[in-house]
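Notes follow once the structure below has been shown.
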Amino acid sequence: ADGPIQILPGIWLGSEDNVRDWRGLMERGIKAVLNVAKEVQTDFDQSVAQSMRPFMSTPDLNAPRATAVGRESTYYPAHLPSGRPAMHYLKLHWSHGQDDLVHTGFPAAFDFVDRALERGDGVLVQCVYIVP
């Protein structure tokens, strides 16, 4: 109810509701969201990520477009009509009881988190809360 919980410096654990709380994310310095719940859709899942090219005014046609996690850019520019701030977002379709995460899931997740922390961004790891 009070927002996401910081589990390590710069890394927060939160819910679907926390991802929609733009003000709360910005107050905590969270500028990256890692969604590891395949059941949960966010505003980012309907948006299109854009490549960040901070130092080039023209496209570099020889540069690869995929990031280190093998995906297109994770950067989503601000959406002024909704008030959504610019954010990095990555969705990994993990399920409960999945047994291959060490080899297939964790490398991409750790890379995303490491890149965010290197930029000085806080990271919200979004998961599903299971009600007993």
Side-chain angles (χ1 to χ4, degrees):
D2 295 329
I5 298 169
Q6 188 171 24
I7 56 174
L8 290 169
I11 302 176
W12 304 78
L13 184 62
S15 70
E16 182 177 357
D17 292 335
N18 299 143
V19 173
R20 289 190 210 106
D21 179 12
W22 309 128
R23 177 179 283 154
L25 296 177
M26 293 296 96
E27 288 172 356
R28 291 170 176 85
I30 296 171
K31 297 180 183 175
V33 173
L34 173 60
N35 179 354
V36 296
K38 74 176 186 177
E39 303 90 349
V40 177
Q41 296 291 315
T42 69
D43 294 345
F44 299 104
D45 294 313
Q46 287 85 34
S47 300
V48 177
Q50 292 187 3
S51 197
M52 289 182 60
R53 294 179 296 131
F55 300 108
M56 296 187 66
S57 59
T58 58
D60 180 356
L61 300 178
N62 297 317
R65 290 194 44 132
T67 66
V69 294
R71 301 177 182 269
E72 295 292 318
S73 174
T74 63
Y75 179 73
Y76 291 75
H79 185 257
L80 299 178
S82 70
R84 179 177 51 76
M87 191 76 58
H88 285 266
Y89 175 80
L90 178 63
K91 180 166 187 162
L92 299 175
H93 297 268
W94 294 0
S95 64
H96 300 285
Q98 189 170 336
D99 60 3
D100 60 348
L101 290 178
V102 170
H103 300 291
T104 62
F106 289 175
F110 290 150
D111 183 64
F112 180 80
V113 170
D114 288 344
R115 287 174 174 261
L117 294 176
E118 287 170 4
R119 288 189 306 268
D121 296 347
V123 181
L124 174 70
V125 179
Q126 175 191 347
C127 59
V128 174
Y129 292 120
I130 299 176
V131 179

Closest non-hydrogen atom pair between M87 and K31, with its separation: SD-C, 3.0 Å
Taking the side chain as every heavy atom from C-beta outward, state whether W12 and R28 have any pair of such atoms under 4.5 Å apart. yes
On a heavy-atom basis, which atom in I11 and which in V125 lie closest, and how many Å separate them? CG2-CG2, 4.2 Å
Atom pair CG/NE2 of D121 and H88 - distance to nearest 0.5 Å: 6.0 Å
What closest approach, in Å, do L92 and L34 show between heavy atoms, and which atom pair accounts for it? CD1-CD1, 3.8 Å
Would you check if the side chain of R84 reaches a backbone N or O of R20 as a donor-acceptor pair within less than 3.5 Å? no
Working to the nearest 0.5 angstrom, can you tell me the gap between S15 OG and L124 CG? 8.0 Å
Could you give the distance from CD (E27) to CH2 (W22), rounded to the nearest 0.5 Å? 14.5 Å
Trace of the side chain to side chain contact (heavy atoms under 4.5 Å, CB included) decision for L117 with R115: CA-CA 6 Å; L117 294 176; R115 287 174 174 261; over 6 Å; no
Measuring from I30:CD1 to N18:CG, what's the distance to the nearest 0.5 Å? 8.0 Å
How long is the straight-line distance from CZ of F106 back to CG of D111, given to the nearest 0.5 Å? 14.5 Å
Hey, are the side chains of F112 and T74 touching, using non-hydrogen atoms and a 4.5 Å cut-off? yes
P4 to G14 - nearest heavy-atom pair and separation: CB-CA, 4.1 Å
Identify the two heavy atoms, one from L13 and one from I7, that lie closest to each other, and give their separation to 0.1 Å. CB-CG2, 4.0 Å
Going by heavy atoms in the side chains, are V123 and V33 under 4.5 Å from each other? no
